[in-house]
Engineer: 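Please read through the structure below; I'll follow up with questions.
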Protein chains: 2
Amino acid sequence: MGAEARRRTTRQLALVLDAVRASGTEHPSADRIFARVRAVLPTISLGTVYRNLHRLAAEGHIGIVHLGDRLARFDPMPGGHDHFVCEQCGHIEDLPATSLDLEANAARQAGHQVTGHALVLYGLCRACGTSPT
Amino acid sequence: MGAEARRRTTRQLALVLDAVRASGTEHPSADRIFARVRAVLPTISLGTVYRNLHRLAAEGHIGIVHLGDRLARFDPMPGGHDHFVCEQCGHIEDLPATSLDLEANAARQAGHQVTGHALVLYGLCRACGTSPT
DNA sequence: CTCGGTGCAAAGGGTTTGCATACAT
DNA sequence: ATGTATGCAAACCCTTTGCACCGAG
């Protein structure tokens with residue numbers, strides 16, 4: 001180990017992290033982050049946003065969420081929790097972390113080691129389930 | 001409702017379904033299905049494979065699985081069950097269906113209706129966890 | 001005979017990458 | 001001074017689509 005690449009702190013990196021942290025519950029996509037940061041630093045490029053997003057995720061500062069569609073979404077909370085997605089309005093909500101002991105059991109009984117999971121619940125959110133279609 | 005489009009049965013549709021059904025536990029991607037079918041019907045096109053894959057999924061004959069990587073995988077079993085993915089060798093394993101009552105509860109308490117879920121467990125499969133790195 | 005399905009090839013859209021330059025250390 | 005991070009733009013990759021022809025009903 002040892003030989004880890006030396007990492008530099010740049011304005012771009014800080015701004016990308018800020019943007020994700022300021023996104024609250026929104027779970028923005030990369031191009032949304034791009035737009036936000038660009039409002040502050042107009043010269044930043046999309047490639048840089050992606051590189052910093054991945055670096056931040058690798059260092060455990062932010063989380064990446066895959067919701068079944070093609071694009072990745074970013075989350076100020078690094079991990080552990082799950083998500084609920086409304087199939088009608090697209091609203092995304094954080095759910096508390098779960099141990100998933102029951103579910104992981106099947107895998108463990110097959111001799112596998114479970115180290116993590118991704119869980120997305122689908123349905124109708126309160127607003128969509130209440131209002132007329 | 002009523003006015004449903006009339007659907008035709010073609011050799012291509014049947015072969016795509018056959019290929020998915022014959023894939024067992026492999027969870028093949030679209031281009032893998034494409035290759036398999038092409039071995040039997042060399043003139044079939046990728047576009048047709050995708051169209052039939054989606055039609056079969058919409059009709060509930062096969063399942064689509066998103067594992068966090070970029071491409072979709074197809075499953076002879078329509079739904080209900082979960083998956084385990086080995087982070088080292090990429091092996092995919094089916095897990096029995098789970099109700100996820102505990103997890104869905106948090107969403108229900110917020111007033112949402114939960115109609116489905118996608119759960120992927122990550123870790124080291126038996127082979128990778130046992131053998132030396 | 002009809003009109004839904006097919007093949008082909010080009011377009012799409014998110015993400016990654018090569019390269020010369022800028023800048024953190 | 002050193003070499004990592006950036007900006008730009010092209011490349012990638014999976015997937016979707018427009019269009020003219022084919023073939024199931």
Engineer: Do A/H83 and A/E93 have side-chain N/O donor and acceptor atoms under 3.5 Å apart?
Structural biologist: no
Engineer: Using the six-membered ring wherever Trp is involved, compare the ring planes of B/H81 and B/H27 and label them parallel, tilted or perpendicular (cut-offs 30° and 60°).
Structural biologist: tilted
Engineer: How long is the line joining CZ of B/R38 and P of C/dT6, in whole Å?
Structural biologist: 14 Å
Engineer: Between the base of C/dG5 and the side chain of B/R55, is there any donor-acceptor pair under 3.5 Å?
Structural biologist: no
Engineer: Just to verify, which of A/D94, A/L119, A/V65 counts as forming a side chain to side chain contact (heavy atoms under 4.5 Å, CB included) with A/D82?
Structural biologist: A/L119
Engineer: Map A/L46 and B/V49 onto DNA chain C by nearest heavy atom, then report which one ends up closer to the 5' terminus.
Structural biologist: B/V49
Engineer: Given side chains that start at C-beta, do those of A/T98 and A/E103 come closer than 4.5 Å, heavy atoms only?
Structural biologist: no
Engineer: Any side-chain N or O of B/S45 under 4.0 Å from OP1/OP2 of C/dT6?
Structural biologist: no
Engineer: Just the rounded figure in Å: distance from P of D/dT15 to CZ of B/R32.
Structural biologist: 14 Å
Engineer: Checking only heavy atoms, does the side chain of B/R6 share a donor-acceptor pair with the base of C/dC3 at less than 3.5 Å?
Structural biologist: no
Engineer: Phosphate oxygens OP1/OP2 of C/dG5: is one of them under 4.0 Å from a side-chain N or O of B/T48?
Structural biologist: no
Engineer: Counting the atoms with a prime plus P, OP1 and OP2 as sugar-phosphate, which does A/D31 contact under 4.0 Å by heavy atoms, base, sugar-phosphate, or nothing?
Structural biologist: nothing
Engineer: Quick one: A/R51 CZ to C/dG18 P, roughly how many Å, whole number?
Structural biologist: 10 Å
Engineer: Find the distance B/R11:CZ to D/dG23:C1' and express it as a whole number of Å.
Structural biologist: 13 Å
Engineer: Looking at D/dC14, I'd like to know if its phosphate oxygens (OP1 or OP2) sit under 4.0 Å from a side-chain N or O belonging to B/S29.
Structural biologist: no
Engineer: OP1, OP2 of C/dT15 versus side-chain N and O of A/Y50: anything below 4.0 Å?
Structural biologist: yes
Engineer: Whole-Å distance between C/dG14 C1' and A/F74 CZ?
Structural biologist: 10 Å
Engineer: Choose from C/dG5, D/dG7, D/dT6 the nucleotide whose nearest atom is closest to any side-chain atom of A/I44.
Structural biologist: D/dG7
Engineer: Taking only N and O in the side chain of A/Q12, is any of them less than 4.0 Å away from OP1 or OP2 of D/dG7?
Structural biologist: yes
Engineer: Given C/dT25, D/dT6, C/dG14, identify the nucleotide with an atom nearest to the side chain of A/T9.
Structural biologist: C/dT25
Engineer: Roughly how many Å is it from CG in A/D69 to C1' in C/dG14, rounded to a whole number?
Structural biologist: 11 Å
Engineer: Search all heavy atoms of A/I64 against all heavy atoms of A/A72 and return the closest pair with its distance.
Structural biologist: CG2-CB, 4.1 Å
Engineer: When you measure from the side chain of B/R70, which nucleotide among C/dG13, C/dG7, D/dG7 comes out closest?
Structural biologist: C/dG13
Engineer: For the side chain of A/R8, starting at C-beta, report the closest nucleotide among D/dT2, C/dT15, D/dT15.
Structural biologist: D/dT2
Engineer: Taking 4.0 Å as the cut-off, does a side-chain nitrogen or oxygen of A/H54 come that near to OP1 or OP2 on C/dT16?
Structural biologist: yes
Engineer: Nearest-Å distance, CG (A/N52) to P (C/dT17)?
Structural biologist: 15 Å
